[in-house]
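One structure is given here, and the rest of the page talks about it.
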Amino acid sequence: METLLFLFPQFNYMAPKEEAGFKMFCPEDLQAPKMKDDTSRQKDKERKSRLSLFLTKSGSHENVSPNKKTNTTPSNISPEAALQWSDSFEELLKHSDGVENFSQFLRTEFSEENIEFWLACEEYKTIDSETKLLSKARCIYTVFIDSDAPKEVNIDYNTKMAIQKDIAKPTKSCFEAAQTKVYSLMKKDSYPRFLQSDIYLRLTKKKGPGATMFRRRSRSCVFNERGEATTEPSAW
């Protein structure tokens, strides 16, 4: 058994030759698996960084993130305050506690990306720097719009293509159509169910603990080619 090593000086390249089950690798081959692992870990780190960057809202929603643990509990939200959220979806979004509890409800329906996208768009519209606007526009697209996005929102094809076209030179309104559609989906589909959920009813003292909460997706509303919302039967 002998492993042969051929050297080609003109290419400065060491070529392995297999013989009788033995193989010699060049240093680059031996480092390849490690480099691949490092690249994978770096991509995961960048993805988490992008997500955490946009799950924060300025103004009335400051420091509110659907993935953030807070001290919001039924004990420190009065029933009177929670009842105000039932006046309208707009009223709920005015209160940080309302946004937090609505986000918690959306997680039970596996659709928390909707409120996260809406909050990200609200923050995006407050940016004045063109450089920062471009950077955050690309991040929002990567996280929520792209077909391979980790938290892709449910919007129609034409709206997605329009954003893809505008992303090269983004304006403060480039996500407006998508944000409006996601807002409408939450208002018409998720918000009514939130008002009937254990999470909300316990806050208003209309339901005691221990009741069963059924988990279902809220993807019952889809958009056709004209951007109109249609309802599909749910499998849950």
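- Taking CE of Met161 as the start and CD1 of Ile155 as the end, the distance is 8.5 Å to the nearest 0.5 Å.
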* To do: Mind running side-chain contact (heavy atoms from CB on, under 4.5 Å) on Ile167 and Ile145 for me, showing each step along the way?
  => CA-CA 11 Å; Ile167 204 71; Ile145 305 298; over 6 Å; no

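- Within the 3.5 Å criterion, the main-chain N or O of Thr180 finds no donor-acceptor partner in the side chain of Ser184.
- By the 4.5 Å heavy-atom criterion applied to side chains, Pro170 and Tyr124 are counted as neighbours.
- Counted by atom type alone, Tyr200 and Gln104 present zero donor-acceptor pairs between their side chains at under 3.5 Å.
- Across every non-hydrogen atom of Lys187 and Pro192, the tightest pair is O-CD, 3.3 Å.
- A distance-only check finds a donor-acceptor pair linking the side chain of Ser197 to the backbone of Phe194 [under 3.5 Å].
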* Ser147 and Lys160: side-chain contact (heavy atoms from CB on, under 4.5 Å), yes or no, with the steps? -> CA-CA 9 Å; Ser147 298; Lys160 179 176 291 191; 4.1 Å; yes

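- Leu92 and Gly98 get closest at one heavy-atom pair: CD2-O, 3.7 Å.
- Once rounded to the nearest 0.5 Å, the distance linking CG of Leu134 with OG1 of Thr171 reads 12.0 Å.
- Ring-plane geometry between Tyr191 and Phe89 is classed as tilted, the angle between the planes lying from 30 to 60 degrees on a 0 to 90 degree scale.
- Summarising the geometry, atom CD1 belonging to Ile77 is positioned 4.0 Å from atom CG belonging to Asp97; distances are rounded to the nearest 0.5 Å.
- Minimum heavy-atom separation, Leu93 to Val99: O-CG2, 3.8 Å.
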* To do: Please report the C-alpha distance between Phe175 and Thr159 in whole Å, then the side-chain angles of each, then the deciding distance to 0.1 Å, and finally whether the side-chain contact (heavy atoms from CB on, under 4.5 Å) criterion is met.
  => CA-CA 9 Å; Phe175 294 105; Thr159 301; over 6 Å; no

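- Separation of atoms OG1 (Thr204) and CH2 (Trp85) is listed at 9.5 Å; rounding is to 0.5 Å.
- Heavy atoms only, all atoms of each residue included: Ile140 and Phe117 are closest at CG2-CE1, 3.8 Å.
- Ile115 contributes atom CD1, which lies 6.5 Å from atom CG of Leu106 (distance to the nearest 0.5 angstrom).
- Considering every non-hydrogen atom in both Phe102 and Met186, the closest pair reads CE2-SD, 3.8 Å.
- Taking 4.5 Å as the limit, every side-chain heavy atom of Leu185 sits out of range of all side-chain heavy atoms of Val153.
- The shortest heavy-atom contact between Glu113 and Phe144 is O-CE2, 3.9 Å.
- With hydrogens and angles ignored, the 3.5 Å screen pairs a side-chain donor or acceptor of Lys172 with a backbone N or O of Ile127.
- Annotation for Glu176: atom CD does not count as buried by contact number, only 12 or fewer foreign heavy atoms lying within 6.0 Å.
- A distance of 5.0 Å separates CG of Leu203 from CG of Asn101, quoted to the nearest 0.5 Å.
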